[in-house]
**Student:** 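My structure is below; once you've seen it, I'll send some questions.
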Amino acid sequence: MMFWFLVISLLTIYYISFLFVILYGFTKLKKVNNKAGLVNNYEFISILIPFRNESANILNNLQSIQSINYDVNKFEVIYINDHSTDDSVEILKANIKNENIRVINCVTIKGFEQGHKKIAVNYGINNAKGEIIFTTDADCIVSPEWINTILFYFDKNTAFVSGPVKFISNNTLWFKLQQLEFAGLVLAGGGLIGAGRPTICNAANIAFKKSVFFEVGGYSDNMNLSSGDDELLMQKINSTTNYDVKFCNNPLAVVSTHPNNTINEFYNQRKRWASKGTHYKNKFLVLALILIYLFFLSFPVQIITGILINKYFILSMVLSFFVKSFFEFLIIKKGKDILLNKIELKVFVFAELLHIPYILLAGFLGLFGNFKWKERKLKR
């Protein structure tokens, strides 16, 4: 029995130390403003927006893109149509007002049917004029100062900038839970970047140098995967070059999007995200994910063991849950002003209770299960 208490204790210590790294990373993040003078306003920017069947969202996205506060002669926007079967393209073309915005149709690459989005983004990069590439999604809303804010995080030593993404809540419990969970993911990614351990980011708000993208081989080594056009690229730049990776923690750079409407949509999205974890090139990251998964697995194990063998396992489970929740609350609090209007304690506690079965299910199905995305059935 003492052996299992020791194992549980070590897993808890590891997870808390992981959260400490994230909190430490936040102390290292610098908020760069537009007066820093790192990059002048003469950089030419290419914004890439891959899309498939986004007729319900693409007009709002276009309106936000056309409202960007940046000289239209110094940036271009390329919408890449990923074989849409609805009227997204027609809606888009009918409402484009600026000459720096164009729509191109993605071509199919045989043998890489899983990498749909990466094929689209890669096609966009090959057609882009800018050295600095911005990417976002067609269901997202960007702020007018998006380019200006992200751009000033670049200097000659910086090759990749990850920006904040937030869910727009409609004040229902389902949306609030997703908003809180998603904010935790974004903030964890930001803290890990600040700590010098870039691990996760979101393609809805990233920017990178095109020359460095080609230098590291782009997506050539993971085109067979349906996900990873964001963090696998970021990790590769961090591990194989001497360039810096940064996180932009400025609210002016926030990109907004809507949560999933249904549990099935949420379930498929999280499976897709989880599916890339075992493909990380850094095996220490893979080991870290395994240890974190085992920590979460220890909760149902402690409950069962506490009921069947010794009640002290229930007490250890409660203690682990309390410590986990406390430090995760501190992380959420760090990003409240960027990603959340407020933190509702009742919603947070409920989210913490759901966090354990959610991680266990998403991790397992991400490893073994297939999923649907954009009306496509995809294999892991």
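All values below were derived from every heavy atom in this structure, side-chain atoms included, with hydrogens, water molecules and symmetry-related copies excluded.
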**Student:** Nearest heavy-atom pair of Ile150 and Ala207: which atoms, and what distance?
**Tutor:** CG2-CB, 3.8 Å
**Student:** Could you give the distance from CD1 (Ile141) to CD1 (Ile65), rounded to the nearest 0.5 Å?
**Tutor:** 9.0 Å
**Student:** Which label fits Tyr358 and Phe266: parallel for a plane angle under 30°, tilted from 30 to 60°, or perpendicular past 60°?
**Tutor:**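 Tilted.
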**Student:** Kindly give the heavy-atom pair with the smallest separation between Ile22 and Leu187, and that separation in Å.
**Tutor:**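 Looking at all heavy atoms of both residues, the closest pair is CG2-O, 4.0 Å.
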**Student:** Kindly say whether Tyr24 contributes a backbone atom to a donor-acceptor pair with the side chain of Thr27 at under 3.5 angstrom?
**Tutor:**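 Flag set: sc Thr27 to bb Tyr24 pair under 3.5 Å.
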**Student:** Looking at Ile133 and Ala128, what are the two nearest heavy atoms and their distance?
**Tutor:**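 Closest approach of Ile133 to Ala128: CD1-CB, 3.8 Å.
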**Student:** Spell out, as yes or no, whether a donor-acceptor pair under 3.5 Å connects the side chain of Asn205 to the backbone of Ala253.
**Tutor:**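 Yes, because the side chain of Asn205 sits within donor-acceptor range (under 3.5 Å) of the backbone of Ala253.
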**Student:** Contact between Lys246 and Phe154 at the side-chain level, heavy atoms closer than 4.5 Å - yes or no?
**Tutor:**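 Not touching, per the 4.5 Å side-chain cut-off.
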**Student:** For Asn61 and Tyr79, run side-chain hydrogen bond (donor to acceptor under 3.5 Å, both in side chains): C-alpha distance rounded to whole Å, both residues' side-chain angles, the deciding distance at 0.1 Å, then the answer.
**Tutor:** CA-CA 11 Å; Asn61 172 266; Tyr79 282 91; 2.7 Å; yes
**Student:** If you look only at pairs with a residue in residues 305-333, which of them pass as a salt bridge (charged side-chain N to carboxylate O under 4.0 Å, His left out), with sequence neighbours excluded?
**Tutor:**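 Listed once each, the pairs are Lys324-Glu328, Lys324-Glu352.
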**Student:** Could you report the tightest heavy-atom contact between Cys106 and Ile119, atom names first, then the distance?
**Tutor:** SG-CG2, 3.6 Å
**Student:** Are side-chain heavy atoms of Lys209 and Glu131 found at a separation under 4.5 Å?
**Tutor:**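 SC-SC contact between Lys209 and Glu131 confirmed.
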**Student:** For the residue pair Tyr15 and Phe295, categorise the inter-ring angle as parallel (less than 30°), tilted (30 to 60°) or perpendicular (more than 60°).
**Tutor:** parallel
**Student:** Hydrophobic cluster membership, with links at side-chain heavy-atom distances under 4.5 Å among I/L/V/M/F/W/Y: are Ile263 and Leu361 in one?
**Tutor:** yes
**Student:** Could you state whether Ile331 and Leu192 fall into the same hydrophobic cluster, counting links through intermediate Ile, Leu, Val, Met, Phe, Trp or Tyr residues with side-chain heavy atoms under 4.5 angstrom apart?
**Tutor:**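 Per the 4.5 Å side-chain linkage, Ile331 and Leu192 are co-clustered.
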**Student:** What closest approach, in Å, do Pro164 and Cys248 show between heavy atoms, and which atom pair accounts for it?
**Tutor:** CD-O, 3.0 Å
**Student:** Ring pair (Phe, Tyr, Trp, His ring centres under 6.0 Å) for Phe296 and His355? Distances and angles first, verdict last.
**Tutor:** CA-CA 9 Å; Phe296 279 85; His355 194 205; 5.0 Å; yes
**Student:** List in chain and number order the residues that pass side chain to side chain donor-acceptor pair (under 3.5 Å) with Lys176, two or more places apart in sequence or in another chain; answer none if no residue qualifies.
**Tutor:**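 By the side chain to side chain donor-acceptor pair (under 3.5 Å) rule, Lys176 matches Glu344.
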**Student:** Write out all pairs satisfying ring-ring contact (aromatic ring centres under 6.0 Å, His included) with one or both partners inside residues 183-209, taking only residues at least two apart or from two chains.
**Tutor:**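 Qualifying pairs: Phe208-Phe213.
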**Student:** If we only count heavy atoms from C-beta on, is the Trp174 to Thr262 side-chain gap below 4.5 Å?
**Tutor:** no
**Student:** Can any side-chain N or O of Ser320 pair as donor or acceptor with the backbone N or O of Thr12 at less than 3.5 Å?
**Tutor:**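 A pair under 3.5 Å: no.
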**Student:** Just do the side-chain hydrogen bond (donor to acceptor under 3.5 Å, both in side chains) check on Asp230 and Asn202 with the steps written out, would you?
**Tutor:** CA-CA 6 Å; Asp230 39 26; Asn202 194 298; 5.5 Å; no
**Student:** When clusters are formed by joining ILVMFWY residues with side-chain heavy atoms under 4.5 Å apart, either directly or through shared neighbours, do Ile168 and Leu252 land in the same one?
**Tutor:**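 As far as the 4.5 Å side-chain criterion goes, Leu252 and Ile168 are not connected within one cluster.
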**Student:** Evaluate Phe327 against Phe20 for ring pair (Phe, Tyr, Trp, His ring centres under 6.0 Å), listing each step before the verdict.
**Tutor:** CA-CA 8 Å; Phe327 283 101; Phe20 263 117; 4.9 Å; yes
